[in-house]
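Structure first, then comments.
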Amino acid sequence: MGAWVIKITLLDAMGTDLDVVNAARVSFDKASDWTPNAQGNKLAEKDADLIRYLASGMTRRDKAAVIEGMIAVETPEAAEQLYRRIRQTPTHWSPFSHVMLKFRVDAPLFVARQLWKSHVGASSGDVGYPGWNEISRRYVDSAPELYQPEVWRGRASNKKQGSDSTKVLPGDYNDPIVGEAWDEDHVGEFMTGYYEHLLDAGVAPEQARMVLPQSMMTSWIWTGSVAFFARVCKLRLGKDAQAESGQVAQAISDHAEKVFPVSWKALMEN
Ligand SMILES: Cc1cc2nc3c(=O)[nH]c(=O)nc-3n(C[C@H](O)[C@H](O)[C@H](O)COP(=O)(O)OP(=O)(O)OC[C@H]3O[C@@H](n4cnc5c(N)ncnc54)[C@H](O)[C@@H]3O)c2cc1C
């Protein structure tokens, strides 16, 4: 039995920032006149501007006007009006739906259970079923790997925050409170030992798995559009999100930014 870490591998990517631009420009029966060159993935500035417009719903001029309005705001009514204007500005996500990313994610069950909730824009395109295929413990009955956190975070005073990372408990085995509770020879062994015991007794893996803990590592292939992953990352990088899910989101974001630098920045900023 091992103590495993969260790992995200980019398996494949389809498209570039230019595909986002051309998906938008087809509305006018046009395409970008920029062609890839030694500058790598760098776009023409007008194409980069278009991407920023799609993601925010605002041109540079619109944005400057909003900021000017914010500085000049004098009454709560004016502030409310500005707030509504920003909230109600429509963005244009569909050009970001033609460019895709495919990952393999290794993470504990409790993280998979959270991330599974995002559906719309994952590769199946079907609400209710994301582009997600996962190891099945109906068919696999090898010794489970358990995720072990590097640190144990303390309980937050505000329940909605989940945990308080300023209150970090030491996670090493020697710690008298926490270490003992996670020592693989004690609790870890106990949790997986019962599973092994059931298998040895002839119980089917699909039932024996029910005694395995939420810290058990699982793996899945996760495919979706850039629009999809940007939404997932924004949700899971929020300050109220679970830190371990945020770790997956951060790794996805780092990969996505390398493949789609302009689009990713524009989507994450808006
Ligand atoms: C910090 C945090 C805490 C959470 N806590 C909980 C919790 O306690 N319990 C829980 O069950 N979940 C919880 N969730 C999950 C959350 O409720 C969402 O299911 C999850 O974040 C996926 O969100 P989504 O709306 O982007 O996903 P998707 O289902 O992929 O939807 C994407 C978007 O499509 C639109 N959409 C989707 N379906 C419809 C529809 N039927 N009709 C109209 N528009 C639709 C909406 O605009 C939606 O935002 C939490 C999420 C976060 C980030």
Side-chain angles (χ1 to χ4, degrees), residues 6 8 10 13-15 20 23-24 51 53-58 83-134 147 149 151-168 213-216 218 220-257 260 263-270:
I6 291 173
I8 290 82
L10 176 66
M14 185 183 90
V20 176
I51 286 180
Y53 166 73
L54 297 168
S56 67
M58 289 192 193
Y83 169 76
R84 284 181 192 281
R85 177 173 171 196
I86 297 166
R87 291 288 307 208
Q88 291 169 4
T89 298
T91 57
H92 307 279
W93 61 269
S94 59
F96 301 99
S97 71
H98 303 283
V99 283
M100 310 288 289
L101 291 159
K102 177 162 88 174
F103 295 99
R104 177 187 165 109
V105 184
D106 300 299
L109 272 184
F110 67 91
V111 168
R113 184 72 171 74
Q114 290 187 340
L115 298 177
W116 162 266
K117 292 285 306 266
S118 287
H119 291 192
V120 177
S123 68
S124 72
D126 182 8
V127 179
Y129 185 78
W132 176 303
N133 285 84
E134 186 172 352
Y147 171 71
V151 293
W152 295 92
R153 297 183 300 279
R155 195 187 273 265
S157 45
N158 175 357
K159 198 185 281 194
K160 289 185 185 157
Q161 297 298 324
S163 64
D164 183 344
S165 54
T166 63
K167 296 187 200 157
V168 168
Q214 289 197 35
S215 61
M216 187 189 75
T218 186
W220 70 96
I221 306 294
W222 203 13
T223 304
S225 69
V226 166
F228 167 74
F229 280 116
R231 199 180 65 252
V232 172
C233 289
K234 278 197 272 190
L235 282 171
R236 300 298 172 181
L237 288 171
K239 64 177 171 28
D240 52 350
Q242 167 111 26
E244 287 79 5
S245 296
Q247 213 179 312
V248 174
Q250 188 57 59
I252 285 179
S253 179
D254 294 344
H255 281 298
E257 194 173 8
F260 305 100
S263 302
W264 194 257
K265 187 161 187 283
L267 286 167
M268 294 304 281
E269 278 177 359
N270 290 286

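Read the numbers this way: they start at 1 and go in the same order the structure lists the ligands and their atoms.
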Do Asp240 and ligand 1 have an N or O pair less than 3.5 Å apart? no

One residue to check: Arg236. Relative to ligand 1, which of side chain, backbone, both or neither has a non-hydrogen atom less than 4.0 Å away? side chain

Answer yes or no for Gly238: is there a heavy-atom contact with ligand 1 below 4.0 Å? no

For the residue pair Phe103 and His255, does the interplanar ring angle fall in the parallel (under 30°), tilted (30 to 60°) or perpendicular (over 60°) class? tilted

Determine yes or no for a side-chain-to-main-chain donor-acceptor pair under 3.5 angstrom, with Lys239 supplying the side chain and Gln161 the backbone. no

Which atoms from ligand 1 have a heavy atom of Arg231 less than 4.0 Å away? 26 (O), 27 (O), 28 (P), 30 (O), 31 (O), 32 (C)

Look only at interatomic distance and state if Val120 has a nitrogen or oxygen under 3.5 Å from any nitrogen or oxygen of ligand 1. yes

Would the distance check show the side chain of Arg236 and the main-chain N or O of Gln247 forming a donor-acceptor pair, the cut-off being under 3.5 Å? no

Between Trp264 and Phe229 (judged by ring centroids, cut-off 6.0 Å), do the two rings come close enough to count as a pair? no

Between Phe228 and His119, does the ring centroid distance fall short of 6.0 Å? no

Between Ser118, Gly224, Ala249, Ala241, which one has a non-hydrogen atom sitting closest to atom 22 (C) of ligand 1? Ser118

